[in-house]
Structure formats: C-alpha cells, structure tokens
Amino acid sequence: MSSERRKPYPFDQIEPKWQKIWDERQLFHAPNPGEKAFDSKKRKFYVLDMFPYPSGAGLHVGHPEGYTATDIIARYKRMRGFNVLHPMGWDAFGLPAEQYAIKSGQHPAITTRENVVKFKSQLKRIGFSYDWQREINTTDPGYFKWTQWIFLQIYNSWFNPATNNAEPIKTYRGKNPDEVRLAYVADVPVNWCPELGTVLANEEVVDGKSEVGGFPVVRRPMRQWMLRITAYAERLIDELEGLDWPDGIKLLQRNWIGRSEGAEIEFKIDNHDARIRVFTTRPDTLYGATYMVLAPEHSLVDQIVTEEQWPVVREYRERTARKSDLERTELAKEKTGVFTGAFAINPANEEKIPIWIADYVLLGYGTGAIQAVPAHDERDLEFARKFDLPIRQVVQPPGNEDPIGFVGDGVAINSPVIDGLESRDAIRKITEWLEKRGLGKRAINYKLRDWLFSRQRYWGEPFPVVWQDGKHRALDESELPVVPPPLEDYKPTGTGEPPLAKAKDWIRYSDKATRELNVMPQWAGSCWYYLRFCDPQNDKRFVGEDAERYWAAGNHPGTVDLYIGGTEHAVLHLLYARFWHKVLFDLGYLSKPEPFQRLVNQGIILGEDSQKMSKSRGNIVNPDDVIEQYGADAFRLYEMFMGPLEQMKPWSMRGVEGVSRFLARVWRLMMTENQAGEWELSSALKDVDLAKSQNKVLHATIKKVTEDIESLSFNTAISQMMIFVNAFTNAETIPVSAMRTFLVLLNPFAPHLSSELWAQLKPKGDVAEQPWPTYEENFLIEDEVEIVAQVNGKVRDRMYISILATTEEHEAAARSNVKISELIKGKKIRKVVVVPKKLVNIVLE
RNA sequence: GCUCACGUGGCGGAAUUGGCAGACGCGUACGGCUCAGGACCGUAUGGGGCAACCCGUGGAGGUUCGAGUCCUCUCGUGAGCACCA
C-alpha cells in the first residue's frame with residue numbers, strides 16, 4: 001500500500017536530524033554590531049518575507065513559495081560571505097483572531113499563542129534558515145510598546161510644507177497645533193461595518209463590503225483618529241522612482257494616490273456672500289460650465305438652498321445618507337440630484353448658472369463641488385440630458401468627432417479669453433487669467449485620503465492617549481506600553497462604542513482624565529516590523545542606532561535589500577509602511593528614506609484544477625501532507641520548480657514526484673544500499689579528475705545556478721542541476737570533487753539532503769559554511785561550435801565550425817555544404833548574412 | 001468602462017541583444033530488470049507525411065535576410081481601479 005511504500009531516500013531521518021543540528025549550533029544567527037561574533041568586514045544583506053498572520057488554519061502552500069525563495073537567497077548570500085539578516089515573526093493583532101475568539105469563547109491571546117506554535121513548527125519542518133533569535137510578535141507588550149511610541153512621534157509632529165518634511169510639533173508657529181498634527185481626531189463620514197462593529201479604512205473596503213468577512217459597509221459620520229498620509233502624497237509618488245519594484249506595483253500605488261493637476265476656481269453665489277470653490281483638471285472648459293454641482297453633504301448647501309427647495313433637498317440628502325457604498329456604486333448608472341434654488345456666477349462670463357446637489361459628486365475629493373461642463377464630460381452630459389440643462393460646446397475636436405461628449409484635447413472655441421488655443425495652452429492661459437483676477441489658482445489634487453486609524457475593537461494596540469475636558473493629550477513615553485485591560489467580554493458593543501468601554505477601572509486614567517477607547521488597526525504593527533528585526537530585544541529604543549545604520553547600509557534609498565510577498569499588499573501595507581518610515585526618517589530616527597529597496601511578488605498557487613484554492617472547492621494542498629510523503633527538500637524544490645516565482649501557477653502532485661525522483665537520483669549518485677538494506681557510500685565515488693565533458697557540465701552548472709539565483713529564476717537553476725545529475729547518472733566512476741561542488745550548489749535549494757551527503761563524504765565543516773563555487777569560462781569554451789546553415793531564412797543543415805573561424809570561413813563552409821550547394825546551384829545570390837558562431841543565411845534573388 | 005499584465009506540445013514551463021522553438025520536469029508508448037510494481041534503468045515523444053519535405057508560439061497584417069521576441073489591429077484570460085471632476 002502507498003503508506004507502506006519505501007521512501008526513495010531516507011529524508012524522514014535526514015531532515016529532522018539536520019534541523020536539530022542547525023538549531024543547536026544557531027548556524028543562521030546574524031550577529032549585530034557589538035556582538036562578539038560580529039565581523040565588520042562582512043557586507044550585510046537583508047532579505048525579508050512578509051510575516052504571516054498566524055491563522056488557525058495553519059500554513060498554506062502559498063506561504064512557503066515566497067519563503068523558500070528568500071531562504072534560497074539567504075543561504076546563497078551567506079555562502080557568498082554576507083552577514084545575512086533573514087528573520088521571521090508574527091503579525092498577530094487583528095480581526096480574524098478576535099472573530100474566532102468571539103465564536104469559540106477563547107481569549108485571542110490564547111488562540112494567537114497556539115497558532116504561533118503551530119506556524120513555527122511548520123516553518124521549522126521546511127528547514128528555513130531564519131534567525132529565530134530575532135523572532136517578534138506584534139502582540140507582545142515589548143513590541144507594541146514601540147508601536148505606541150511611534151504613534152507618539154506621529155502625534156507630536158506636523159508636516160511643514162516649506163521643508164516638505166515632518167517636524168516636531170513645537171516648530172509649528174500657528175495658533176492651534178491640533179489642526180496640523182500628523183495624527184488628529186476628526187468627525188468624518190467613515191466606513192462603518194455593523195457586522196464587525198467597527199469602522200474600516202477605505203483600503204479595507206472592497207466593493208462596498210468589508211475585506212475581512214465580506215460584510216456590508218455603510219457611510220456614517222463618526223469621531224475618529226486619522227493619520228495625515230495625504231501630506232506625503234507627493235513624496236510617496238516621487239520617491240517610488242528610486243525603488244526596484246515591479247512596474248505594476250508602482251503603477252498601482254501611483255493610481256491609488258491619484259495625482260491630478262488642474263486649477264481651483266472660485267464661483268460667487270448670486271445674492272449671497274458665500275463662495276464655492278471647485279477643482280477641475282480642465283479649466284479651459286470654464287466657458288462651457290452651464291451649471292454647478294455640490295456633494296449632498298457639502299457644508300454650503302444649508303446656507304444657499306432656497307425656501308421652496310428645502311423639502312426636496314432635505315429628502316434627497318436623507319436618501320443619499322441611507323445608501324451604502326455598495327448601493328451608491330450599483331446605482332451609478334442612473335444619475336440623481338436636485339436643484340438647490342440658488343445660482344452661481346461663472347467668473348469667466350458672469351453668467352448665472354443653477355446650483356444642484358447630486359451624489360455623483362463626492363465630498364471627499366477635491367473641494368466636494370464641481371463646475372459641470374456637459375459638452376466635455378461624460379457624467380455631466382448624462383446629468384444634463386436627464387435634467388434638461390443647457391449644453392455648450394467649448395472645445396473643437398481635432399478630427400470629425402462629435403464635439404458633444406468629446407473629452408480629449410482640441411482647440412478652445414466660444415471662450416473669448418482663450419479662443420483658438422490648443423487645450424494644453426488654453427489651460428495655462430486661463431489659469432493665469434484667473435490667478436491675476438484672484439478668481440482661481442493652479443492646484444494639484446490627490447485621490448488619496450487621510451488614513452482612518454482607529455478601530456472599535458479589542459484585539460489591537462491601545463492608543464497612548466487620554467482625554468480631559470473634551471481634549472486629547474498624548475501620554476509620556478515613560479508610560480508605555482499601554483497594555484489592553486483583561487476583559488471577560490470583548491465583543492463589539494454594536495453601538496460604535498469600543499469594547500474597551502467595558503473596562504471601567506482601566507478607563508479611568510486619573511480623577512479628571514479617561515483613556516482613549518479605540519485601538520489601532522492591524523496595519524500598525526506591520527508598518528515597522530522590518531525595523532524591529534534589526535534589533536528585536538532593544539528595550540531602550542525601537543531600534544538601536546548602530547543596528548539600524550548597519551542593516552540599512554547600501555547605496556540605495558531602501559532599507560531592506562529584498563522583500564518578497566504577495567500582491568495583495570500593493571496599496572495597503574506597502575503604502576502605510578512607506579508613510580511611517582518617512583515620518584521616522586524626517587524626524588531623524590532612520591538613515592534611509594524608504595523601507596524596501598527591491599520588492600518581488602510571488603504568484604498565487606492554484607489548486608490541481610487550476611482554480612483558486614478554497615475549502616469549498618476542496619482543492620487545498622496541505623504542506624504537512626506533502627512533506628510527510630515526499631520530504632521538505634522535495635517540497636521546497638517543487639515550489640521553486642513549478643515555474644517563475646512571480647507567475648500564477650497550478651499545483652501538481654505529479655510534479656512533486658518528479659523533483660522527489662530527482663533528489664533520489666542525487667542520493668543514489670553517492671549512496672548505494674548494501675545487502676542488509678543499509679545505505680552506504682557508493683563505490684563508484686573516486687578521487688579522480690573530471691573528464692573534459694564532465695568538467696564542462698560542472699562549470700556550466702555553476703554558472704547557470706549562480707546567475708539564476710541572482711535573477712530569482714529558480715526553476716531554470718533546478719533544470720540545470722537536473723542536467724548535471726543526468727550527465728553523471730551512468731558514469732562508471734563519480735569524481736568526488738565534482739560532487740562536493742555540486743552539493744554546495746544544491747544546498748540553498750535542498751539543504752537537508754545536501755548537508756547529509758556532504759557529511760557522508762566526510763569533508764570538514766558544514767556544507768552551509770562552504771564558500772560559493774566559481775566557474776571558469778575556459779572550461780565552457782569548445783574548439784568547435786554547431787552553426788546553422790540557412791537558405792532564405794530556412795534552416796537547411798547544421799554543421800560544426802571552429803570557434804576561431806572568420807566570417808569568410810563561415811560563408812565558405814555553408815557554400816561547400818552538400819545540402820546547401822544543392823539548393824543554391826545555378827541561383828543568383830542576393831546576400832549572405834553571417835552571425836559568427838551562430839548561423840549563415842544565404843538569400844537568393 | 002478605463003489601466004496594466006499575460007496567451008508557446010496532452011500538462012507545468014524553457015528560449016542574452018531579433019538568430020537551431022519546445023531545455024528541464026510531468027504524462028504517454030515501447031524495451032530492460034523483476035515473483036511483482038504506481039520502484040528503478042534505457043529509448044522515443046509538437047502536428048502531418050512511406051519519404052524528400054511541409055506546417056507550427058491565440059488570430060490578422062506589417063518591419064526584417066531572419067520574428068515566440070519589435071510595430072498595428074483583433075480575440076481571449078487574469079489583476080487593479082471604477083462617478084476621482
């Protein structure tokens with residue numbers, strides 16, 4: 001039976017044995033500056049995984065994909081003489097643990113502890129070379145003390161537009177510092193999720209539903225903590241430039257931040273003192289503005305609406321407020337809105353235009369008000385047609401396109417100030433014209449909103465903030481950490497009041513002051529964990545200065561040299577972490593302006609049916625089962641052999657068998673089974689020189705594996721190692737020296753097998769401590785190369801030619817070739833193309 | 001709807017700057033070794049054709065002596081954004 005089947009090689013004994021040895025010897029510990037083992041001559045390399053959320057389900061085959069890639073890099077870099085920082089930890093605060101706790105009645109701290117034990121043992125079983133001395137957990141008070149400390153730095157600083165930097169709040173000269181702090185409290189319409197009993201960040205809402213759980217989310221005004229990430233919008237876009245990230249991720253971040261250039265224009269209101277500012281990217285269409293629209297929630301609505309329009313306006317506003325985001329987008333096709341009764345004056349032509357409210361204008365973007373130019377904006381056109389508003393063409397399209405609904409660039413018409421100008425020039429001219437008259441100015445707008453930073457939950461970092469007389473005040477550094485109170489009942493209250501409100505004693509900070517009841521979102525802990533890894537036990541500072549400088553060193557803006565993880569964090573974690581990092585950098589705590597220099601996204605692994613793995617489909621592959629049957633090395637190797645790291649690819653158990661067979665062949669290359677059924681060193685192993693062809697394949701393998709690891713092309717590196725093994729499989733004698741070199745190459749991929757075989761060959765030291773081999777180009781060069789002979793671009797024959805052959809000799813060889821001369825006999829030759837060492841192409845008339 | 005990425009055998013995938021398409025692995029077929037094998041070893045394996053040869057990288061054009069690779073259009077798949085003025 002299959003369970004009784006003999007193992008192709010004894011991985012079940014080898015693997016635990018070496019994992020134990022690595023642990024005991026602490027072989028993968030990276031010494032910090034100041035430690036005894038620290039060697040200042042070694043260069044550093046920081047290779048990081050996105051640390052997991054330790055869920056109850058345990059490790060998924062998707063996790064080890066990126067982890068194996070980083071482990072190969074880490075092991076490789078160590079052998080190249082680098083001091084390698086390769087840490088692992090747990091992002092353990094957050095909703096799932098709490099949701100589970102509510103269901104099971106078990107405290108999230110207990111669940112978290114159990115899950116961490118499980119995750120850690122699973123990771124150890126795969127043989128990853130993490131420096132476990134640096135393990136961190138975001139829910140440890142020793143860790144979140146510093147998360148809270150960073151919050152204090154953010155709270156106690158402001159963004160100075162003059163220096164384009166965050167600065168301590170004491171440098172602010174204005175009257176009310178609370179207006180400019182990078183952390184502030186605001187009454188804002190937020191994403192309220194009744195099911196989860198908390199508000200969510202925009203980034204956590206997908207299609208009007210919560211990202212966690214998929215529950216409906218509604219808009220509701222609430223008092224919340226916000227972080228002023230918008231202050232960094234420009235730098236977050238500009239400084240992407242110096243990073244080695246996939247173009248797609250850079251684009252995603254740029255789109256999310258959503259920079260657009262245009263102008264702000266001020267409209268007077270007829271018979272009213274108030275003015276309305278609008279943002280537009282097309283100030284050149286100002287003459288075509290035939291009406292205005294305010295967001296229903298716009299604060300001016302109350303002031304300008306006329307007596308007789310009040311009832312419809314009120315009714316419309318109430319209806320919009322009740323709509324969830326989902327409804328608002330679902331109903332997007334059908335425009336709605338009502339007239340306020342008020343009129344604005346178009347500053348360009350003094351024309352009176354009606355002011356409407358409609359929910360297609362969003363309060364959160366721009367100024368929450370627009371000039372509507374139906375002739376040259378799709379949405380305005382649709383609205384104008386529905387409500388019979390005038391449409392006036394002011395841009396002439398270049399071709400024969402229909403001018404109504406044309407949104408591209410053309411030539412301005414019906415616009416006295418800019419008539420005849422190309423759109424780009426018209427924009428410049430009209431903006432200057434408005435600026436001169438004090439009616440408007442050039443402006444840049446961002447889609448990015450400030451980060452909603454508070455959650456009405458239990459399982460998160462409490463804010464280091466107290467309230468007194470209705471005002472917030474930050475705690476002193478010395479009062480950290482603020483540990484959450486023990487609670488019997490941590491369920492959401494359902495009213496929007498945080499569960500911490502139930503801890504009556506804890507709330508009371510002093511006679512007059514009470515604690516902030518919200519907690520931070522899950523992202524807080526992961527915003528800076530890569531810094532803590534540099535110095536995880538430091539209790540004086542969030543990271544020691546020497547440690548930070550050492551691990552961040554390098555000739556580029558980023559701190560971590562290589563960061564591998566999933567695309568799902570393209571705009572969440574990766575944007576938030578950059579923001580925090582920049583604040584800390586501005587305040588002088590860090591030596592580099594960016595957290596992650598090189599970013600690589602591993603592709604999703606699909607089930608055997610090429611569908612996304614899911615419980616309901618029943619196509620989930622459990623890493624434990626694979627390791628049980630084929631061993632950790634086969635599991636690692638298969639994860640890398642499947643295909644390019646960044647590509648989405650389906651799992652295949654047959655494929656695992658394939659790499660497992662390869663590993664068994666490696667084993668049998670050096671080991672044979674004796675009469676008693678015990679494995680012993682093969683007698684074919686001899687201390688002999690390599691044959692020329694063997695030497696060539698060895699050096700080709702060193703070259704290919706080295707280059708492929710550098711470019712993260714692990715699948716082709718493995719192919720090359722298979723070619724190597726195939727070349728030696730039937731050799732009568734196996735040169736020991738070639739095997740030793742090969743085991744070093746194999747080590748990053750299959751560390752257990754290579755360690756065991758290395759030990760069997762009895763050389764000194766551990767294979768992981770060997771220097772990485774180098775190849776000699778000389779051994780790769782042949783005396784002759786095969787070239788292709790073509791006629792009219794079609795391959796007609798192949799032949800060997802000296803690598804020293806001249807162009808003329810190439811051509812002569814082709815002409816004298818039997819097949820070729822046959823084909824060109826009596827024909828006129830138009831041209832002969834020679835690519836040395838590659839081909840000769842004879843082109844006939 | 002907009003933006004981006006990707007389409008190569010029965011399957012996963014290889015292919016510096018445009019230069020032998022299909023490396024390596026899976027699967028399949030045949031053979032060997034075996035009491036046996038879903039083990040191991042070997043040979044073959046893009047399609048068509050007895051063959052010479054012809055066809056072939058989603059489809060249609062183009063540039064070039066030469067295109068999987070570059071350009072245009074088109075179809076399909078995946079991801080992201082989605083009233084952003």
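We use all heavy atoms of the structure for the numbers below, so side chains are in, but hydrogens, waters and symmetry mates are not. Per chain, numbering begins at 1; letters A, B, ... match sequence-line order.
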Rounded distance in Å - [atom1] ([X]) to [atom2] ([N]):
X	N	atom1	atom2	answer
Q647(A)	G78(B)	CD	C1'	11 Å
I249(A)	C81(B)	CD1	C1'	14 Å
L575(A)	C81(B)	CG	P	13 Å
W667(A)	C41(B)	CH2	C1'	20 Å
K831(A)	G66(B)	NZ	P	8 Å
Y446(A)	A85(B)	OH	P	13 Å
D609(A)	G12(B)	CG	C1'	15 Å
M640(A)	A14(B)	CE	P	13 Å

Is [X] near enough to [N] that one of its side-chain N or O atoms lies under 4.0 angstrom from OP1 or OP2?
X	N	value
N255(A)	C2(B)	no
R668(A)	C41(B)	yes
S260(A)	A85(B)	yes

[X] near the nucleic acid: base, sugar-phosphate alone, or nothing, with a heavy-atom cut-off under 4.0 Å?
X	result
Q371(A)	nothing
K649(A)	sugar-phosphate
N726(A)	sugar-phosphate
N715(A)	sugar-phosphate
G658(A)	sugar-phosphate
S652(A)	nothing
L251(A)	sugar-phosphate
M721(A)	nothing
T567(A)	nothing
R259(A)	nothing

Worksheet item: Between Y365(A) and G248(A), which is nearer to the 5' end of RNA chain B once each is assigned its nearest nucleotide?
Response: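 On the 5' side of the pair lies G248(A).
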Worksheet item: In terms of the nearest nucleotide of RNA chain B, which residue is placed more toward the 5' end: N730(A) or R282(A)?
Response: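 Nearer the 5' end of the strand: N730(A).
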Worksheet item: For the base of C20(B), is there a side-chain donor-acceptor partner from K838(A) under 3.5 Å away?
Response: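 No, no donor-acceptor pair under 3.5 Å.
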Where the side chain of [X] is defined as all heavy atoms beyond and including C-beta, which of [options] is the nearest nucleotide?
X	options	answer
N841(A)	A14(B), G19(B), U3(B)	G19(B)
T281(A)	G19(B), A85(B), C65(B)	A85(B)
V843(A)	C65(B), G12(B), C83(B)	C65(B)
D377(A)	A14(B), C81(B), A85(B)	A85(B)
I723(A)	C55(B), A23(B), G19(B)	A23(B)
R665(A)	C81(B), C41(B), C24(B)	C41(B)
V833(A)	C24(B), C53(B), C65(B)	C65(B)
F641(A)	C53(B), C24(B), G19(B)	C24(B)
Q790(A)	C53(B), G19(B), C83(B)	G19(B)
S719(A)	G80(B), A23(B), C54(B)	A23(B)

Dump the pairs, protein N or O against N or O of nucleotides 27-32 of chain B, anything under 3.5 Å, distances to one decimal.
| residue | atom | partner | partner atom | Å |
| --- | --- | --- | --- | --- |
| G27(B) | OP2 | R661(A) | NH2 | 3.2 |

Under 3.5 Å, is there a donor-acceptor pair between the [X] and [Y] side chains?
X	Y	value
N346(A)	Y287(A)	no
T230(A)	Y446(A)	no
S260(A)	N445(A)	no

Say you pick atom [atom1] in [N] and the same atom in [M]; how far apart are they, in whole Å?
N	M	atom1	result
G37(B)	C41(B)	C1'	14 Å
G68(B)	G56(B)	P	10 Å
G10(B)	U28(B)	P	16 Å
G58(B)	C75(B)	C1'	7 Å
C26(B)	G62(B)	P	42 Å
A23(B)	A15(B)	C1'	8 Å
A21(B)	C2(B)	C1'	36 Å
G78(B)	G22(B)	P	31 Å

Discussion item. Determine whether F11(A) and W667(A) satisfy the following criterion, side chain to side chain contact (heavy atoms under 4.5 Å, CB included), listing intermediate values before the conclusion.
Written reply: CA-CA 10 Å; F11(A) 61 80; W667(A) 177 258; over 6 Å; no
Worksheet entry | Candidate pair L823(A) and I842(A), rule side chain to side chain contact (heavy atoms under 4.5 Å, CB included), full reasoning | CA-CA 10 Å; L823(A) 282 158; I842(A) 298 174; over 6 Å; no
Worksheet entry | Full working for side-chain hydrogen bond (donor to acceptor under 3.5 Å, both in side chains) between T716(A) and D708(A) | CA-CA 7 Å; T716(A) 49; D708(A) 284 354; 2.8 Å; yes
Worksheet item: Taking syn as any angle within 90 degrees of 0 and anti as the rest, which one fits G9(B)?
Response: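 Syn, since the glycosidic angle lies within 90° of 0.
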Item to complete: Please check if the distance between the ring centroids of Y291(A) and F383(A) is under 6.0 Å.
Response: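 Judged by ring-centre distance (under 6.0 Å), Y291(A) and F383(A) do meet the cut-off.
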Worksheet item: Counting only heavy atoms not in K612(A), do more than 12 fall under 6.0 Å of its NZ?
Response: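 Not buried by this count: 12 neighbours or fewer within 6.0 Å.
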Practice prompt. Count the heavy atoms of every other residue, nucleotide or ligand shown that sit under 6.0 Å from NZ of K837(A), and state whether that count exceeds 12.
Written response: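 Counting other residues, nucleotides and ligands, NZ of K837(A) stays at 12 neighbours or fewer.
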Discussion item. Using 30° and 60° as the class boundaries, would you call the ring planes of F724(A) and F742(A) parallel, tilted or perpendicular?
Written reply: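 Ring orientation of F724(A) relative to F742(A): parallel.
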Worksheet item: Under the 3.5 angstrom rule, does the side chain of T367(A) hit a backbone N or O of R277(A) as a donor-acceptor pair?
Response: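 The answer is yes, because a donor-acceptor pair under 3.5 Å joins these two groups.
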Practice prompt. Once you apply the 3.5 Å cut-off to both distances, tell me the Watson-Crick or G-U wobble partner of A60(B), or none.
Written response: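 In the structure as shown, A60(B) has U72(B) as its Watson-Crick or wobble partner.
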